[in-house]
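Working notes, beginning with the structure itself.
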Amino acid sequence: MMDENVAHKDSPTVLTDIPRYAASAAHGELALERSRIPALNLVLFLLTILTTTTAGAFMNGEEVSFLHPFLAVAALRSGLSFSLPLMAILLAHEMGHYLTARYHGVPTSLPYFIPAPPPPYFIFGTFGAFIRMKAMPRTRRVMFDIGAAGPWAGVLVAIPAVIFGLWMSDVTPLDKSGGGLELGNSLLFLGLSHLVLGVDPTTVNVALHPIAFAGWIGLLVTSLNLLPVGQLDGGHVVYALFPRRHRTIATLFVISCILMVVVPLALGRNPWWGWLLWAVLLIAFGLGHPSTIDRDTPLDPGRAIAAWLTVVLFIVTFSPVPLSVSPPEPVTPRNPDEHTQEIMHYAPHYDQMLRHLHGVRI
C-alpha cells in the first residue's frame with residue numbers, strides 16, 4: 001500500500017491517529033531534537049533502495065542472486081533507472097511533509113521507508129513511506145500546509161520523470177495478442193503521453209522506459225495519498241476546507257470505492273478489486289479527523305485556492321482501474337479506412353513477467 005501508516009496510538013503518523021496538540025512541549029522537543037539520522041530510518045531507506053533496484057533489474061530481465069555477489073551487483077545496475085527516480089519521488093513527497101512541519105514548529109520524524117519483497121512477489125519493490133508527527137498542528141491552515149506539501153512535492157518530481165521517460169520510450173505497431181497486466185491511466189498521464197509522443201489517430205504500442213514507469217507509480221502514489229478520507233493527505237485537505245463535513249465526505253468516498261467494484265461487475269466489465277481492500281482499510285483507520293485547537297479560523301484566500309488546486313490534482317492523477325488483466329485478443333484484419341486513437345504502454349524487457357504493462361484507450 002503506497003501510503004503512510006500507523007503502528008499504534010502512541011506513535012501517530014501524518015495519515016492516521018494524530019494526537020491532540022501538546023502546547024507546552026512541542027517547541028521544546030523540536031529544539032532538543034538531534035540532527036543525526038536515526039539508524040532505523042537509514043536502514044529502512046537503504047533496504048528500500050535495494051528492493052526497488054532489484055525490482056527494476058527483474059523488470060529488465062535480469063536475475064539477481066545474492067548467492068553470487070559480483071553477478072548480483074552487475075545485474076542490479078540495470079535496475080537503477082527504475083529505483084532512483086522512484087525513490088526520488090517518494091523522498092520528495094515525504095520531505096515535503098517533513099520540511100513544512102518543521103517550518104511551522106510541529107515536531108516530526110524523518111521518513112520511514114517501507115521495503116517490499118521484490119518481484120515476482122511485488123512489482124514495485126516498496127510499500128511507500130511515512131512520517132510520524134509528534135504533536136497536532138494548532139490551526140487548519142498549518143494542517144493544510146503539511147498535508148498538501150507532500151503530494152505537490154512528489155508530483156513535481158514525478159512529472160519530469162514521466163516526460164523524460166516517455167521521451168526515452170519506443171513506439172511500435174500495436175499488438176494485443178499476448179494479453180497480460182495493464183496499467184490504468186490518469187488524465188495527467190494521458191495528457192503527457194499526447195504531449196511528449198505526439199500520438200496521431202493510429203494504433204501504436206509504447207515500450208515504456210523504466211523512468212516513465214517510476215513516474216507513473218509516482219502519480220499513483222499521489223492519487224492514493226489524496227483520497228479524501230480520515231488522515232490521509234487528502235483527508236487533511238478536506239478537513240481544512242470543510243471541518244464540519246469531512247466525515248460525510250469520507251463516508252461518501254468509501255461508498256464510492258465499493259461502487260467502483262459493484263457497477264463494473266453489473267455492466268459485465270472487470271473492476272479493480274483493490275478498491276474493496278481500500279474501503280476496508282479506510283474504515284479500519286477511521287473516517288474522522290481529529291480537530292485542531294483552532295477549528296474556526298478559515299483558510300486565507302491563497303490557501304483556499306491552493307486547497308482547491310489540490311483537489312484538482314487528485315482528480316487528474318486518479319485512475320478508477322489502476323491495474324487490470326487483459327486476456328489475449330485474436331488478431332483481426334484492420335480496415336485501412338478506420339482510424340482509432342490508442343496507446344499501449346509497455347516496459348522494456350518486462351515480458352517475462354508482464355506482457356502488457358499499460359493499455360490506454362483515448
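Inter-residue side-chain proximity for Asp233 and Val237 is flagged as unmet; no heavy-atom pair is nearer than 4.5 Å. Residues Leu232 and Leu282 form a side-chain contact, since some pair of their non-hydrogen atoms from C-beta on lies under 4.5 Å apart. Looking at heavy atoms from C-beta onward, Asn60 lies out of side-chain contact with Phe82 at the 4.5 angstrom threshold. Put simply, the side chain of Leu220 does not reach to within 4.5 Å of the side chain of Ser319, judged on heavy atoms. At a threshold of 4.5 Å between non-hydrogen side-chain atoms, the residues Val142 and Thr292 do not count as touching. Contact annotation: the side chain of Leu50 approaches that of Leu76 to within less than 4.5 Å [non-hydrogen atoms, C-beta and beyond]. When side chains are defined from C-beta on, Val162 does not count as touching Trp167, because their heavy atoms never get closer than 4.5 Å. Taking 4.5 Å as the limit, some side-chain heavy atom of Phe113 sits within range of a side-chain heavy atom of Leu90.
Distance check: Glu94 CD to Thr108 OG1 gives 9.5 Å after rounding to the nearest 0.5 Å. Rounded to the nearest 0.5 angstrom, Trp272 CH2 and Cys257 SG are separated by 9.0 Å. Distance CD1/Ile49 to CG/Leu91: 9.0 Å, rounded to 0.5 Å. Taken to the nearest 0.5 Å, the CG atom of Leu110 stands 12.0 Å off from the CG atom of Leu44. The CE atom of Met260 lies 10.0 Å from the CD1 atom of Ile258; values are rounded to the nearest 0.5 Å. Annotation: the span from Ser256 atom OG to Ile249 atom CD1 amounts to 11.5 Å, rounded to 0.5 Å.
His97 places a side-chain N or O within donor-acceptor distance of the main-chain N or O of Ile146, the cut-off being under 3.5 Å. Counting only distance, with no hydrogens or angles, the side chain of Thr139 and the backbone of Asp294 share no donor-acceptor pair below 3.5 Å. Between the Asn41 side chain and the Pro111 main chain, a donor and an acceptor come within less than 3.5 Å of each other.
In the hydrophobic clustering of this structure, Leu80 does not group with Phe58; members are Ile, Leu, Val, Met, Phe, Trp, Tyr whose side-chain heavy atoms approach within less than 4.5 Å, directly or through other members. Two different hydrophobic clusters hold Leu42 and Leu84 under the rule that ILVMFWY side chains link at heavy-atom gaps under 4.5 Å. Tracing side-chain contacts under 4.5 Å through hydrophobic residues (I, L, V, M, F, W, Y), one never reaches Ile255 starting from Leu281; they form parts of separate clusters. Criterion: ILVMFWY side-chain heavy atoms under 4.5 Å apart, direct or through other members. Under it, Val262 and Val280 are not part of a common hydrophobic cluster. Neither Met168 nor Val157 shares a network with the other; the hydrophobic side chains, linked directly or stepwise wherever heavy atoms of I, L, V, M, F, W or Y lie under 4.5 Å apart, form separate groups for each.
Among pairs with a residue in residues 82-92, those fulfilling side chain to side chain donor-acceptor pair (under 3.5 Å) read Thr53-Ser83, at least two apart in sequence or across chains. Screening residues 145-159 for salt bridge (Lys or Arg N to Asp or Glu O under 4.0 Å) gives Asp145-Arg303 as the qualifying pairs, with residues at least two apart or on separate chains.
With sequence neighbours excluded, the residues that form a side-chain contact (heavy atoms from CB on, under 4.5 Å) with Val261 are Leu265, Pro271, Trp273, Trp275, Leu276. Residues forming a side-chain hydrogen bond (donor to acceptor under 3.5 Å, both in side chains) with Arg244 (at least two apart in sequence, or on another chain): Asp296. With sequence neighbours left out, the side-chain hydrogen bond (donor to acceptor under 3.5 Å, both in side chains) criterion links Thr251 to no other residue. Residues forming a side-chain contact (heavy atoms from CB on, under 4.5 Å) with Thr248 (at least two apart in sequence, or on another chain): Leu252.
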Open item on the list: Please determine whether ring pair (Phe, Tyr, Trp, His ring centres under 6.0 Å) holds for the pair Phe122 and Phe127, giving the CA-CA distance in whole Å, both sets of side-chain angles, and the decisive distance to 0.1 Å.
Closed with: CA-CA 9 Å; Phe122 193 73; Phe127 292 117; 4.7 Å; yes
TODO: For the pair Arg132 and Tyr112, evaluate side chain to side chain contact (heavy atoms under 4.5 Å, CB included) and give the outcome as yes or no after the intermediate values.
DONE: CA-CA 8 Å; Arg132 299 164 66 180; Tyr112 293 88; 3.3 Å; yes
TODO: Please report the C-alpha distance between Ile159 and Val155 in whole Å, then the side-chain angles of each, then the deciding distance to 0.1 Å, and finally whether the side chain to side chain contact (heavy atoms under 4.5 Å, CB included) criterion is met.
DONE: CA-CA 6 Å; Ile159 289 176; Val155 82; 4.1 Å; yes
TODO: Could you go through the side chain to side chain contact (heavy atoms under 4.5 Å, CB included) check for Thr100 and His104 one step at a time?
DONE: CA-CA 6 Å; Thr100 307; His104 286 292; 3.9 Å; yes
- [ ] Run the numbers on Trp278 and Leu224 for side chain to side chain contact (heavy atoms under 4.5 Å, CB included), then give the verdict.
- [x] CA-CA 10 Å; Trp278 269 100; Leu224 293 179; 3.9 Å; yes
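Nearest heavy-atom pair, Leu299 versus Ala240, reported as atom, atom and distance to 0.1 Å: CG-O, 3.7 Å. Between Leu241 and Arg140 the shortest heavy-atom distance is O-NH2, 4.0 Å. The two residues Ile89 and Ala161 make their nearest non-hydrogen contact at CD1-CB, 4.5 Å. In terms of heavy atoms, Pro85 sits closest to Ala214 at CG-CB, 3.9 Å. Here the closest heavy-atom approach between residue Val229 and residue Leu287 is recorded as CG1-CD2, 3.7 Å. The shortest non-hydrogen separation linking Ser186 to Val316 is CB-O, 3.3 Å.
Ring geometry for Phe318 against Phe314 counts as tilted: the plane angle lies between 30° and 60°, on a 0 to 90° scale. Classified by interplanar angle (parallel below 30°, tilted 30° to 60°, perpendicular above 60°), the ring pair His289/Tyr239 is parallel.
Environment of CZ in Phe242: crowded, with over 12 heavy atoms of neighbouring residues, nucleotides or ligands closer than 6.0 Å. For Arg77, the CZ atom is loosely surrounded, since the number of other residues' heavy atoms within 6.0 Å does not exceed 12.
For His209 and Asp170, the side-chain atoms include no donor-acceptor pair closer than 3.5 Å. Side-chain contact, Ser109 with Tyr98: no donor N or O sits under 3.5 Å from an acceptor N or O.
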